[in-house]
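None of these values were measured; they are calculated from a predicted model.
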Amino acid sequence: RMLEPDLENLCCKLFCVLSQDQFADFLLDKSYFPVRETCCQLIGSLLSRVHDENMLGDALTIIEQFNRKEEVHKRHSAVMATKYICSFKSLFCRLAKYDRFR
């Protein structure tokens with residue numbers, strides 16, 4: 001079992017990777033973003049195990065900041081992170097109390 005500071009540290013590192021990742025694979029007429037996809041899946045999974053509401057709020061703030069950026073890859077990261085965060089039912093229920101997620 002990981003401790004909360006370890007989870008927070010790992011989430012911070014994953015957000016750093018997301019902020020810098022611009023890699024895309026192209027196959028036929030589709031684009032794939034394997035690094036972004038993996039980071040977002042991990043962020044969603046880690047945040048579902050966090051009990052500290054401040055950390056969850058901080059993660060939402062980072063995602064909102066990504067969504068406001070002009071760079072398309074950062075906006076795409078925000079959408080993808082939101083998708084995986086909302087895929088965890090327990091986490092989605094906790095998010096319902098945040099005004100910015102309604």
Do any side-chain atoms of residues 34-46 form donor-acceptor pairs under 3.5 angstrom with protein atoms, and if so which ones, sequence neighbours left out?
residue, atom, partner, partner atom, Å
R36, NE, D21, OD2, 3.3
R36, NH1, H76, ND1, 2.9
E37, OE2, Y84, OH, 2.0
T38, OG1, P34, O, 2.9
Q41, NE2, Y84, OH, 3.2
S45, OG, R49, NH1, 2.8

With sequence neighbours excluded, residues passing side-chain contact (heavy atoms from CB on, under 4.5 Å) with N9: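 Counting only residues at least two positions away or on another chain, N9 forms a side-chain contact (heavy atoms from CB on, under 4.5 Å) with K13.
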
How many angstroms lie between atom [atom1] of [X] and atom [atom2] of [Y], to the nearest 0.5 angstrom?
X	Y	atom1	atom2	value
Q20	S77	CD	OG	11.0 Å
D58	C11	CG	SG	10.5 Å
K74	R68	NZ	CZ	14.0 Å
I85	L56	CD1	CG	7.0 Å
S19	L14	OG	CG	11.0 Å

Taking V79 as the starting point, is it possible to reach L47 by hopping between hydrophobic residues whose side chains are less than 4.5 Å apart?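 Different clusters: L47 never reaches V79 through Ile, Leu, Val, Met, Phe, Trp or Tyr contacts under 4.5 Å.
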
Non-hydrogen side-chain atoms of H73 and L18 separated by less than 4.5 Å: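 In short, these two side chains do not touch, never coming nearer than 4.5 Å.
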
Locate the shortest heavy-atom distance separating F15 from F66; write the atom from each residue and the value. O-CZ, 3.6 Å

Mind listing the closest non-hydrogen atom pair of R75 and N67 along with its distance?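 Reported closest heavy-atom pair: NE-O, 3.4 Å.
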
